[in-house]
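Taking it in order: structure first as structure tokens, then the write-up.
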Amino acid sequence: MVELVFVLLIMIAIGSFIYIKKYKNNGKPEAGIKRDNLLDYYKDYSNLKLYWTSISFIVLGVVVLVVILILELVF
């Protein structure tokens, strides 16, 4: 159980680090903008995926930690 909590805390830390380092001041990256170069579409897509991955790491880690806390209190 301790290992799971440790992994979840690391997951939350990684998601928070990515979000704060790259997207805190810039906001959500935009996708679907008309581009001249096809490589720019890939960069937009990868930035958007990284943004949602960092948010999901934070949310998933917090939710699972809360569930573990509730289960520990009940049982």
Side-chain angles (χ1 to χ4, degrees):
M1 187 64 82
V2 175
E3 295 88 6
L4 181 62
V5 171
F6 184 68
V7 168
L8 290 171
L9 290 175
I10 289 175
M11 193 168 79
I12 293 170
I14 289 171
S16 300
F17 178 74
I18 291 170
Y19 181 78
I20 290 171
K21 188 77 171 167
K22 192 161 181 153
Y23 300 112
K24 184 173 182 184
N25 296 329
N26 299 337
K28 180 181 169 190
E30 295 183 19
I33 300 171
K34 192 73 169 168
R35 304 283 188 189
D36 292 332
N37 191 356
L38 289 177
L39 186 60
D40 292 337
Y41 285 115
Y42 177 73
K43 288 179 184 176
D44 290 343
Y45 178 74
S46 63
N47 280 335
L48 192 61
K49 284 300 215 182
L50 184 62
Y51 174 80
W52 285 115
T53 302
S54 67
I55 297 293
S56 64
F57 269 22
I58 296 168
V59 170
L60 183 68
V62 169
V63 167
V64 174
L65 277 177
V66 168
V67 167
I68 289 173
L69 176 68
I70 291 171
L71 288 175
E72 287 292 325
L73 290 175
V74 169
F75 296 111

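Just the heavy atoms: all of them, side chains too, but no hydrogens, waters or symmetry mates, feed the values below. Along the sequence shown, the residues carry numbers beginning at 1.
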(request) Could you tell me whether L73 atom CG has more than 12 heavy atoms of other residues or ligands within 6.0 Å of it? (result) yes
Per-pair distances, 0.1 Å, donor-acceptor, side chain in residues 23-31, under 3.5 Å, sequence neighbours excluded:
| residue | atom | partner | partner atom | Å |
| --- | --- | --- | --- | --- |
| Y23 | OH | N47 | O | 2.9 |
| N26 | ND2 | K22 | O | 3.3 |

Hey, could you give me the [atom1]/[atom2] distance between [X] and [Y], rounded to the nearest 0.5 Å?
X: I33; Y: D44; atom1: CD1; atom2: CG; answer: 6.0 Å
X: L60; Y: I55; atom1: CG; atom2: CD1; answer: 13.0 Å
X: L4; Y: L65; atom1: CG; atom2: CG; answer: 8.0 Å

(request) Output every pair passing side chain to side chain donor-acceptor pair (under 3.5 Å) with a member in residues 48-75, not counting sequence neighbours, ordered by first then second residue. (result) none
(message) If the condition is ring-ring contact (aromatic ring centres under 6.0 Å, His included), which residues does Y19 pass it with, not counting sequence neighbours?
(response)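 Listed in chain order: nothing, the list is empty.
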Under a single-linkage definition using a 4.5 Å side-chain heavy-atom cutoff for Ile, Leu, Val, Met, Phe, Trp and Tyr, are [X] and [Y] assigned to the same hydrophobic cluster?
X: F17; Y: I12; result: no
X: V74; Y: L71; result: yes
X: M1; Y: F6; result: yes
X: V67; Y: F75; result: yes
X: V62; Y: L69; result: no

(message) Can you confirm whether K34 sits close enough to Y41 that some side-chain heavy atom of one is under 4.5 Å from a side-chain heavy atom of the other?
(response) yes
